[in-house]
Protein chains: 2
Amino acid sequence: MSEEETQESQRVAFGRRLRQLRRQNNWTLADVADRAGLAISTISKAERGIIALTYDRMALLADGLGVDMAALFAEQGENFTPGSFAVARKGEFHRQETSNYVYEMLFPELWNKSMSPMMGTLKAHNVMDFEEFVRHPGQEFLVVMEGAVTVHVEGREPVTLQQGDSIYFDSALGHLYASDGDNDARILVVCSAS
Amino acid sequence: MSEEETQESQRVAFGRRLRQLRRQNNWTLADVADRAGLAISTISKAERGIIALTYDRMALLADGLGVDMAALFAEQGENFTPGSFAVARKGEFHRQETSNYVYEMLFPELWNKSMSPMMGTLKAHNVMDFEEFVRHPGQEFLVVMEGAVTVHVEGREPVTLQQGDSIYFDSALGHLYASDGDNDARILVVCSAS
DNA sequence: TGGGGAATTTTCCTATTGGAAAAAATATCT
DNA sequence: AGATATTTTTTCCAATAGGAAAATTCCCCA
């Protein structure tokens, strides 16, 4: 039956991706099984599309492979196809927290965006962890929406930006943001994809 | 055990997301079951985190919900873990006018930017020239900083955005912005290079 | 080329999922 | 409020996933 066939092949394709991710790191089944806390046989079967992993095992496996769950599906993900279009209403963001920031990804459901816009809140008086300079490919643009922000860029003097000010830099430079005043600061950050 | 607990809650959170997606469209379990080709009970249990869906059911369910598989997991993960450098103070922009807009290019002196941020002012009650749909390669992101803006995108219903709302679209689609209220509107637009 | 260890697949069994239908809970209408 | 229709949850059983260990295949090197 065609239904089953396509489903079968989809699972097989997914398995191939799993194996590829594992091989990419030169890990054996045992390595990943260990890291993920799964049985070797389970991973073996999954990679060959013999079984359909359950959600919980998948989460563990993603963890063991060191990738985000969503990344596992990135390939079959909907591309930002020519003609795409999306609106984000104030507040309906996808919230995410790191040790240093709280930020909300806009349009998380869009894949292959060439830009990633995020709204972020910087807590006042937050102690920054300077060991944790962030670095990634691409370029970055930041505007201060509310409050004041001090931007630390590796190897440069910190820059303080007031509301309305903006900065543009190469994301490969280690960078960190911190609220400058006594109030929380609100920022809009846009990262370019590559 | 903590391991199991976090896993459990993760599954529950995932379930909530599923239910939210379904409710968002005012679909009943039966509706989605029908669209996805799954049993009602399966979806019910999944939404409550009673069971861990298998890969194949998850693929069908995503389909039934009309979302991409990757979107289900849109945690978007490490977008934030992958030079030049420039600061623009509020107001020190490079001013430019067109028949429809007044906008100010940020960082005009920077070359090879992969993104072009611009601040724009939309005059209230401005008569738009709809012959003049703008089209260009790349993608575009717009946030409303002040006021309200109606975005006209070719072949779609106009969308009205309030302060804080944003939109992301393919710049190849003809597009136009207009202030919506009685006051001027202030927008931030970022275009990707290609 | 053949031994020996590492990596992967298979086997076999238990635990869990997935579906159909009954039961329960909600919503709707008069 | 009662009756009925709609939606969701529960139940129970068949189908499938997951793990431990045995069997097999794959490599590497003498």
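Protein chains get the first letters and strands the later ones, always in sequence-line order, with residue 1 at the start of each. The shown structure was predicted, so the numbers you read here are calculated from the model rather than taken from an experiment.
- Between the side chain of A:Thr28 and the base of C:dA6, no donor-acceptor pair under 3.5 Å is found.
- Dashed line: the shortest gap from a side-chain N or O of B:Arg48 to OP1 or OP2 of D:dT10 is under 4.0 Å.
- At least one side-chain nitrogen or oxygen of A:Arg19 sits closer than 4.0 Å to the OP1 or OP2 atom of C:dT9.
- Per the geometry, CG belonging to B:Leu60 stands 14 Å off C1' belonging to C:dT17, to the nearest Å.
- Across all strands shown, B:Leu53 has heavy atoms under 4.0 Å from sugar-phosphate atoms exclusively, and none from any base.
- For A:Asp34 and C:dA7, the CG to P distance is 12 Å, given to the nearest whole Å.
- For B:Asp56 and D:dA17, the CG to P distance is 7 Å, given to the nearest whole Å.
- Straight-line distance from the CD1 atom of A:Ile50 to the P atom of D:dA17: 10 Å, rounded to whole Å.
- B:Gln139 and B:Tyr168 share a side-chain donor-acceptor pair at under 3.5 Å.
- Using a 4.0 Å cut-off, some side-chain N or O of A:Arg23 falls inside it from OP1 or OP2 of C:dT8.
- Distance, A:Leu29 CG to D:dT25 C1': 13 Å, rounded to whole Å.
- Screening B:Ile50, B:Ile43, B:Ile51 for a side-chain contact (heavy atoms from CB on, under 4.5 Å) involving B:Glu47 leaves a single residue, B:Ile43.
- Here the nucleotide nearest the side chain of B:Lys45, chosen from D:dG19, D:dC12, C:dT8, is D:dC12.
- Among the heavy atoms of the strands lying under 4.0 Å from A:Ser44 is at least one base atom, whether or not backbone atoms are also near.
- In this structure, the CG atom of A:Leu38 is 17 Å from the C1' atom of C:dT9, given to the nearest Å.
- For B:Arg48 (side chain) and B:Ser44 (main-chain N/O), a donor-acceptor pair under 3.5 Å exists by modelled atom type.
- Contacts of B:Ile51 with the nucleic acid, taken as non-hydrogen atoms under 4.0 Å apart, involve only primed sugar atoms and P, OP1 or OP2.
- Neither OP1 nor OP2 of C:dT16 sits under 4.0 Å from any side-chain N or O of B:Arg11.
- If you find the closest nucleotide of DNA chain D to B:Ala30 and to A:Ala39, the one lying nearer the 5' end belongs to B:Ala30.
- Taking atom CD1 of B:Ile43 as the reference point, atom C1' of D:dT7 lies 13 Å away to the nearest angstrom.
- Toward the 5′ end of DNA chain C lies the nearest nucleotide of A:Thr54, the other residue of the pair A:Thr54 and B:Ser41 mapping further downstream.
- The backbone N or O of A:Met145 sits nowhere less than 3.5 Å from a side-chain atom of A:Arg186 that would complete a donor-acceptor pair.
- A donor atom on one side chain and an acceptor atom on the other are not found under 3.5 Å apart for A:Ser179 and A:Asp184.
- For the pair B:Arg57 CZ and C:dG19 C1', the computed distance is 9 Å after rounding to whole Å.
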